[in-house]
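Below: the structure, in structure tokens.
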Amino acid sequence: MRTFYLTAALSLLLDQVAKILVANYLFHPVVLLPGLVVLRRVQNPGAAFGLFAQRNLFLILVGLLLSFTLLLAHNRLKEAPAFWRTGAGLILGGTLGNLIDRLRLGHVVDFVDLGFWPVFNIADVAITCGVGIIILNLLRER
């Protein structure tokens, strides 16, 4: 179970530290890799791809429900393969990272801009990687 909680805590910590740094130091876009990666602070009032914009209460309830579900499922995760614990931990950490933003600010802070994709943050990466780890391992098991 340590994997689940450690992964969740680490992804949450990285997300929140990055967002604090962005809030305190990123006042203008910073090009990291020309034509590929720009750090740009954006206030996202919705979910991925701008879905449910201005539906903060709904997104808070979804985040709380998902977080509580993952925490309640931790007994089942004890017997699950490591990829379940790692994937679920990433999903929990990312969900909590964006939930904290919604509760504290009323929006999510996004800052990684690839130009061809909506601007995102570390919490989004954690959620996506967590889901990807679970799906890829389930497919591999079959």
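We use all heavy atoms of the structure for the numbers below, so side chains are in, but hydrogens, waters and symmetry mates are not. All of these numbers come straight from a predicted model, not from anything done at the bench.
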Do side-chain atoms of [X] reach the backbone of [Y] as a donor and acceptor pair under 3.5 angstrom?
| X | Y | value |
| --- | --- | --- |
| T7 | F4 | no |
| D15 | S11 | no |
| R85 | A80 | yes |

Ignoring hydrogens, what is the shortest heavy-atom contact between [X] and [Y]? Give both atom names and the distance.
| X | Y | result |
| --- | --- | --- |
| I122 | A18 | CD1-CB, 3.5 Å |
| L99 | S67 | CD2-OG, 4.4 Å |
| F83 | I133 | O-CG2, 3.7 Å |
| F111 | K19 | CE2-CG, 4.1 Å |
| R40 | D113 | NE-OD2, 2.8 Å |

Check your understanding: Hey, are the side chains of R102 and V108 touching, using non-hydrogen atoms and a 4.5 Å cut-off?
Key -> yes
**Study point:** Any L71 side-chain heavy atom under 4.5 Å of L92 side chain
**Key:** yes
Point to revise | Worked verdict on L114 versus V37 for side-chain contact (heavy atoms from CB on, under 4.5 Å) | key: CA-CA 5 Å; L114 301 179; V37 181; 3.7 Å; yes
Point to revise | Side-chain donor-acceptor contact under 3.5 Å, N121 with N98 | key: yes
Exercise for review: Before giving the answer on side-chain contact (heavy atoms from CB on, under 4.5 Å), spell out for Q16 and D101 the whole-Å C-alpha distance, their side-chain angles and the decisive distance to 0.1 Å.
Suggested key: CA-CA 9 Å; Q16 290 299 294; D101 283 8; 3.6 Å; yes
**Study point:** Enclosure of Y25 OH (heavy-atom neighbours >12, cutoff 6.0 Å)
**Key:** no
Review point. Should L136 and I91 be regarded as members of a common hydrophobic cluster, given that ILVMFWY residues are connected when their side-chain heavy atoms come within less than 4.5 Å of each other, either directly or indirectly?
Key: no
Exercise for review: Go through the steps to decide whether I135 and L139 satisfy the test side-chain contact (heavy atoms from CB on, under 4.5 Å), and finish with yes or no.
Suggested key: CA-CA 6 Å; I135 290 172; L139 291 172; 3.9 Å; yes
Point to revise | N44 and F120: CA distance, side-chain angles, deciding distance, side-chain contact (heavy atoms from CB on, under 4.5 Å) verdict | key: CA-CA 9 Å; N44 180 357; F120 58 93; over 6 Å; no
